[in-house]
Amino acid sequence: MTTIAGVPAGWPTTEEEARAVQDALRARVVLDETGPKPGTGHVTGVDVAYDDERDLVAAAAVVLDAATLRVVAESTAVGRIAFPYVPGLLAFRELPAVCAALDALDRPPGLVVCDGYGLAHPRRFGLASHLGVLTGLPTIGVAKNPFTFSCTDPAPTRGSSTPLRAGTDEVGRALRTRDGVKPVFVSVGHRVSLDNACAHVLALTPSYRLPETTRRADALCRRALREATAAGRPAD
DNA sequence: GCGACAG
DNA sequence: ATCTTGTCGC
């Protein structure tokens, strides 16, 4: 079943407000924990799909057994779009629906894998870090594009990586998850080290470029959006 | 000022 | 993110 995601009271309306929230919350990010051990416990993927025409958003959370990568639980949530897409402010668009989907799970999510960035962000507070602070859960970000960051190309074999830097700080890593295929871009969200985040991503990519968590959540939120769009309309 | 820019 | 068919290759 799909729950309804409302926009929280006080959710930012303007870009200025949203940036102020990021500046206020980023101090709460915890960076001195290693995080759960890869291959143990549960790992949850979250993703969101949009229908801008109908002002609809659908989020999905899919819990996998970290050892077997089998799905053990899932949930979806639909609602109104909470914020426009603005580079650097993606969290304000995605998080209300994502939080509603996580709340609807029948068990703890364990480590949460987000689409996008955590610390690798203009104000060091991308959606993975933001979700971690709001929920207290360990989170990481896995992005498909380098955003504003640049890096050298990792060696062509699976497992190789190069740093993603902002100045001299390593804010993330370009990580090759398949031989000869474009890397993914991993960054820390909350309560997980960068080394451990990369280890998790490798454990979650036995066959494809993207983590199984992301692939499952992507498929599920698209389905939830289709079904929400089809509902309440005359059959034809 | 102009372009680039996670999803 | 989303609009969109077939096609080349393992």
Side-chain angles (χ1 to χ4, degrees), chain A residues 5 7 11-12 15 18-19 21-22 26 29 45-62 76-101 112-133 139-151 156 158 164-166 171-175 177-190 194 197 201 206-211 213-226 228-230:
Chain A
V7 178
W11 199 250
E15 298 184 21
R19 285 189 206 94
V21 168
Q22 292 180 330
R26 74 180 159 193
V29 177
V46 292
D47 194 18
V48 174
Y50 301 95
D51 183 338
D52 284 286
E53 284 291 290
R54 296 193 173 81
D55 190 33
L56 270 182
V57 55
V62 181
T76 55
V78 297
R80 311 283 296 268
I81 297 177
F83 204 84
Y85 173 66
V86 179
L89 300 178
L90 181 60
F92 297 95
R93 182 166 168 86
E94 305 225 325
L95 290 190
V98 167
C99 289
V112 179
V113 181
C114 300
D115 266 42
Y117 282 107
L119 282 189
H121 177 272
R123 285 169 295 284
R124 298 291 191 281
F125 197 68
L127 82 168
S129 298
H130 201 146
L131 180 64
V133 165
T139 60
I140 65 174
V142 180
K144 297 180 282 295
N145 299 293
F147 195 19
T148 59
F149 300 92
S150 56
C151 56
R158 166 178 157 85
L164 213 54
R165 297 187 187 283
V171 294
R173 241 166 244 166
L175 177 65
T177 54
R178 291 198 71 187
D179 289 358
V181 173
K182 175 178 175 173
V184 299
F185 303 88
V186 179
S187 62
V188 164
H190 182 61
L194 183 54
V201 171
S207 317
Y208 298 94
R209 174 186 177 228
L210 296 178
T213 39
T214 307
R215 302 181 68 251
R216 297 281 191 172
D218 179 72
L220 183 57
C221 70
R222 289 185 198 232
R223 184 157 67 81
L225 184 64
R226 276 204 314 273
T229 295

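Chain letters run A, B, ... following the sequence lines, proteins first and then strands; every chain starts at 1.
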*Please say which of A:Val7, A:Asp55, A:Asp51 ends up in a side chain to side chain contact (heavy atoms under 4.5 Å, CB included) with A:Ile81.*
A:Asp55
*Output all residues satisfying side chain to side chain contact (heavy atoms under 4.5 Å, CB included) with A:Ala166, sequence neighbours left out; order by chain, then residue number.*
A:Arg124, A:Phe149, A:Val171
*asked:* Could you check whether any side-chain N or O of A:Gln22 sits under 3.5 Å from a backbone N or O of A:Leu89, counting only pairs where one atom can act as donor and the other as acceptor?
replied: no
*Is the shortest side-chain N to carboxylate O distance from A:Arg158 to A:Asp179 below 4.0 Å?*
no
*Does A:Arg123 CZ have over 12 foreign heavy atoms under 6.0 Å away?*
yes
*asked:* At 4.0 Å (heavy atoms only), tell me whether A:Leu95 reaches a base, stays on the sugar-phosphate, or touches nothing.
replied: nothing
*Describe the nucleic acid contact of A:Gly88 in one word from base, sugar-phosphate, nothing, applying a heavy-atom distance below 4.0 Å.*
base
_Pairing residues for A:Arg165 by the side chain to side chain contact (heavy atoms under 4.5 Å, CB included) criterion, not counting sequence neighbours_ = A:Pro163, A:Glu170
*Look at the side chain of A:Thr139 and the backbone N and O of A:His190, then say whether any donor-acceptor pair between them is shorter than 3.5 Å.*
yes
*Does NZ or CZ of A:Arg19 lie under 6.0 Å from the centre of the six-membered ring of A:Phe125, at an angle within 45° of the ring axis?*
no
Under-3.5 Å N/O pairs linking protein and nucleotides 1-7 of chain C:
{"residue": "C:dA1", "atom": "OP1", "partner": "A:Arg222", "partner atom": "NH2", "Å": "3.4"}
{"residue": "C:dA1", "atom": "OP2", "partner": "A:Lys144", "partner atom": "NZ", "Å": "3.2"}

_Can you list every stem that DNA chain B is part of, counting only runs of 3 or more consecutive Watson-Crick or G-U wobble pairs with both distances under 3.5 Å?_
none
_Heavy-atom contact window of chain A on DNA chain B, given 5' to 3' at under 4.0 Å_ = B:dC5 to B:dG7
*Using the test side-chain hydrogen bond (donor to acceptor under 3.5 Å, both in side chains), find all partners of A:Arg215 that sit at least two apart in sequence or belong to another chain.*
A:Glu212
*Got a salt bridge between A:Asp47 and A:Arg216, using NZ or NE/NH1/NH2 to carboxylate O under 4.0 Å?*
no
